[in-house]
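Every number for a ligand or one of its atoms is a count from 1 in the order of the listing.
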Amino acid sequence: MRRVLILGGTAEARALAAELSGGLPAELPAELSSRGVHVVSSLAGRVSNPRLPVGEVREGGFGGPDGLAAWLAAERIDALVDATHPFAARMTASAAEAAARTGVPLLVLRRPGWREGPGDTWQRVPSLHAAAARLSETATRLSEAAARRSEAAVRPGGGPLRVFLTTGRRSLPVFTGLAGVWLLARSVDPPEPPVPDHVHVLLDRGPYTVDGERALIREHRPDVLVTKDSGGPMTTAKLVAARELGLPVIMVDRPPLPAGVRLVETAAEAAAWAQG
Ligand code: NAP
């Protein structure tokens, strides 16, 4: 039977595992799958209580490209699908290198990125550090304007630049040192302590609703939303609410894919490829 490894941690990876299992309940053996494919899904093991795909699951890093290459050989994997999050760049680079070394065919499954539409006010930046630099410039302009008492340029109510940050708990250190910036930081799991006083942590996990995001923005009155171009429907509500409420967005672009990798955007396309 054809053996497929899915590098997961995303809704697309779970959809692919479900598609390849032919709708079988998780407790039945994969050999009964109508698709003739044995699927193993891999999770990094970082999130507590992760959403699990159907079928066999392994957790934890492989130990870089060498470890993954050895694992692919030991487990006699016929095809590898990298369905990790668009910002999981290390895993994607590792998959490309291990696939090239072992000759195991690799497909990357990535949901499309978000597109700016009418009514949106987005600034695209190439990295988290570029987003932080943009915030720093804005905060400096605000404090200079406040010092000059230029009322027109100072945000109503004064105070620090208020930022709604949804780039993940591990990115928080990139932003916590910025002078004149207050953060509403939302993440699935708590960030590493110590968390400074000017950071308000909100623990939550999508999917989110537009009503909920609107209420959150009204409650915390951010001046700007900083987010990564994750794409997909699970976390798009904040962008809809930001558009409605005139909240500007700093959108961090995705890291580039390794050269030459084959890319699809839907679980159905990946399932067709994985069946050989
Ligand atoms: P990353 O920086 O690219 O990966 C760091 C290391 O974690 C990798 O080198 C690998 O360790 C291990 N790893 C990552 N994904 C793995 C997987 N699916 N199976 C086994 N090991 C994995 O990735 P990340 O940004 O920390 O993301 C970790 C996981 O969370 C990914 O699976 C991703 O799909 C999911 N996720 C990430 C985000 C995000 O914003 N980055 C959002 C939602 C979900 P070794 O080198 O030891 O193999």
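For ligand 1, the atoms lying closer than 4.0 Å to a non-hydrogen atom of Gly61 are 11 (O), 21 (N), 45 (P), 47 (O), 48 (O). In summary, the atoms of ligand 1 found under 4.0 Å from a heavy atom of Arg58, numbered by their order in the structure, are 20 (C). For ligand 1, the atoms sitting less than 4.0 Å from at least one non-hydrogen atom of Gly63 are 45 (P), 47 (O), 48 (O), numbered in the order shown with element in parentheses. For ligand 1 and Arg170, the ligand atoms under 4.0 Å from any heavy atom of the residue are 24 (P), 25 (O), 26 (O). Close contacts of ligand 1 with Ser42, meaning ligand atoms under 4.0 Å from a residue heavy atom, involve 17 (C), 18 (N), 19 (N), 20 (C).
Contact analysis leaves Ala83 out of contact with ligand 1, as no non-hydrogen atom separation drops below 4.0 angstrom.
Qualifying side-chain hydrogen bond (donor to acceptor under 3.5 Å, both in side chains) partners for Asp211, counting only residues two or more places apart in sequence or in other chains: Arg214. Residues satisfying the salt bridge (charged side-chain N to carboxylate O under 4.0 Å, His left out) test with Arg124, not counting sequence neighbours, are Asp229, Asp253.
For the residue pair Gln275 and Arg2, no side-chain donor N or O sits within less than 3.5 Å of a side-chain acceptor on the partner. Between the side chains of Arg186 and Thr166, not a single donor N or O lies within less than 3.5 Å of an accepting N or O. No donor-acceptor contact under 3.5 angstrom links the side chains of Ser230 and Thr235, judged on distance only.
Cation-pi geometry between Arg90 and Phe87 is not met at under 6.0 angstrom from the ring centre and within 45 degrees of the axis.
Residue Ala88 holds the heavy atom nearest to atom 27 (O) of ligand 1 of all those in Ala88, Ala44, Ala13. The nearest non-hydrogen atom to atom 38 (C) of ligand 1, considering only Lys228, His85, Arg169, comes from His85.
Under 4.0 Å from ligand 1, the heavy atoms of Arg46 that appear belong solely to its side chain.
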